[in-house]
There are 2 protein chains.
Amino acid sequence: MKITALEEYGLRCMLLLADKGSGIPLTITEISTKEGLSIPYTGKLLMILKQAGLVKAVRGRKGGYSLTRPPEEMALREIFDALGEPFFGPHHCGRYTGDNDVCVHNEDCKVRDMWTTFERFIGSILGRVMLADLAVGEYDFARILEARSEPG
Amino acid sequence: MKITALEEYGLRCMLLLADKGSGIPLTITEISTKEGLSIPYTGKLLMILKQAGLVKAVRGRKGGYSLTRPPEEMALREIFDALGEPFFGPHHCGRYTGDNDVCVHNEDCKVRDMWTTFERFIGSILGRVMLADLAVGEYDFARILEARSEPG
DNA sequence: TTAATACTATACAAAAAAGTAAAGATATTT
DNA sequence: AAATATCTTTACTTTTTTGTATAGTATTAA
């Protein structure tokens with residue numbers, strides 16, 4: 001039950017871009033310096049985020065990366081989905097089949113049902129907390145859950 | 001953001017022991033057969049659970065594993081803590097330091113604060129859902145959160 | 001048009017997690 | 001006491017994840 005490296009570092013990069021504002025893009029070099037990451041690894045991260053449509057790249061001089069949307073409209077859920085599988089995703093049961101081709105509990109599984117509920121619970125939070133909330137330091141989940149409706 | 005193999009399989013073994021009742025212990029061989037896992041791997045899992053004090057072992061004939069406490073008193077949280085680190089644990093920041101010895105955001109980190117809140121949120125659920133709830137198919141988290149007080 | 005700057009893609013190396021193998025120690029039953 | 005069934009320990013192999021290296025492509029400003 002762990003946060004992966006891509007998720008952790010990817011979120012940090014997104015936050016950096018959110019803080020910067022959408023004016024001037026940030027280069028890979030700048031991002032890598034500010035986050036203490038290597039340049040190739042930073043490039044890899046940004047590439048993943050770009051392919052998910054969360055950031056856009058401008059080449060050449062004065063180029064760099066910036067967000068495709070204002071951080072107020074970017075849910076943490078989208079960011080994590082871009083950087084890895086969800087907590088309990090569609091591949092879970094096919095992945096943990098033990099020694100068999102298909103899980104022993106395939107027909108009826110209490111653990112699966114529990115994870116499904118759990119995933120939905122977590123998703124309802126991450127879908128409503130926006131990158132802008134993070135930038136401002138707002139993560140009172142209970143209040144956010146109350147104030148905002150389920151995301152579309 | 002993923003569930004580890006140890007957590008998934010370990011939880012299944014615990015559920016199996018909970019269903020069995022605390023009378024006759026289950027052997028590694030029985031557990032491995034019922035869960036579709038190899039015998040050595042099952043042994044490894046049970047050893048971890050034993051060292052955490054969640055199960056006890058009896059050697060020799062008629063031996064095997066059983067729960068140390070009734071499943072009504074065993075929170076999912078304890079089980080996951082035994083099988084791996086918590087979602088956002090004390091080692092997180094020391095682990096994701098990029099190329100430096102200490103994380104660039106060590107002084108003031110919005111991501112860290114967010115994870116802390118998030119971890120507490122998840123913990124408040126997992127601390128109140130018991131293994132017995134799972135066995136019965138009860139995982140209406142909202143209701144459980146409402147009905148039960150914060151665990152000690 | 002040229003050189004500098006920046007992103008893109010592919011292949012590879014290192015570290016961590018997952019899973020296996022085999023020999024050893026302990027308890028119970030006969 | 002001996003045989004058997006069980007847990008226990010250590011070391012090893014495989015797979016996945018992380019992170020690196022390098023060569024290539026595109027854009028812009030002078």
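Side chains included, hydrogens not; waters and symmetry mates left out as well; all remaining heavy atoms used.
Rounded to whole Å, atom P of C:dA6 lies 10 Å from atom NZ of A:K62. Atom OH of B:Y9 and atom C1' of C:dG19 are 10 Å apart (whole Å). Across the protein-nucleic acid pair, B:I24 atom CD1 and C:dT28 atom C1' stand 16 Å apart, rounded to whole Å. Atom-to-atom, CE of B:M47 to P of C:dG19 comes out at 18 Å; the value is rounded to the nearest Å. Between the P atom of C:dA14 and the OH atom of A:Y41 lies a distance of 18 Å, rounded to the nearest Å. With rounding to whole Å, A:R61 atom CZ is found 14 Å from C:dC7 atom P. The separation between A:K44 atom NZ and C:dA13 atom C1' is 11 Å, rounded to whole Å. Distance CG (A:L45) to C1' (C:dT8): 15 Å, rounded to an integer number of Å.
Place B:T29 and A:L6 on DNA chain D by their nearest nucleotides, and B:T29 ends up nearer the 5' end. Comparing B:R59 and A:G43 by the nucleotide of DNA chain C that holds the closest heavy atom to each, the one mapping nearer the 5' end is A:G43. Between A:L37 and B:G60, it is B:G60 whose nearest contact on DNA chain D lies nearer the 5' terminus.
Around the CZ atom of B:R120, the shell of radius 6.0 Å holds no more than 12 heavy atoms that belong to other residues, nucleotides or ligands.
Although no hydrogens or angles enter the test, the distance criterion places no donor-acceptor pair under 3.5 Å between the side chain of B:R77 and the main chain of B:I122.
Of the candidates C:dT8, C:dA9, C:dA6, C:dA6 carries the atom nearest the A:T27 side chain, counting heavy atoms from C-beta on. Here C:dA18 is the nucleotide among C:dT8, C:dA17, C:dA18 with the atom lying nearest to any side-chain atom of B:A5.
Remark: A:R12 does not engage A:E7 in a salt bridge, criterion side-chain N to carboxylate O under 4.0 Å. Of the charged side-chain nitrogens involved, none lies within less than 4.0 Å of a carboxylate oxygen, so that A:E119 and B:K2 do not count as a salt-bridged pair. Look at A:E30 and A:K34 and you find no salt bridge, because none of the NZ, NE, NH1 or NH2 atoms lies under 4.0 Å from a carboxylate O. A salt bridge between B:D133 and B:R148 is present, with a side-chain N of the basic residue lying under 4.0 Å from a carboxylate O of the acidic one. We find that A:R143 and A:E138 are joined by a salt bridge, their nearest charged nitrogen and carboxylate oxygen being less than 4.0 Å apart.
Backbone-only contact: B:K2 has heavy atoms under 4.0 Å from sugar-phosphate atoms and none from a base. Using a 4.0 Å heavy-atom cutoff across all strands shown, B:G64 reaches sugar-phosphate atoms only and no base atom. At the heavy-atom level, B:Y96 lies nowhere under 4.0 Å from the strands shown. Residue contacts shown for B:K50 are limited to sugar-phosphate atoms, with no base heavy atom under 4.0 Å away. A:T4 comes within contact range of the sugar-phosphate backbone alone, with a heavy-atom separation under 4.0 Å but no base atom that close.
If you walk DNA chain D from 5' to 3' and mark each nucleotide with an atom closer than 4.0 Å to a heavy atom of chain B, the marks span D:dT4 to D:dT20.
Among A:T27, A:I31, A:T29, A:T33, the one residue that satisfies the side chain to side chain contact (heavy atoms under 4.5 Å, CB included) test with A:T42 is A:I31.
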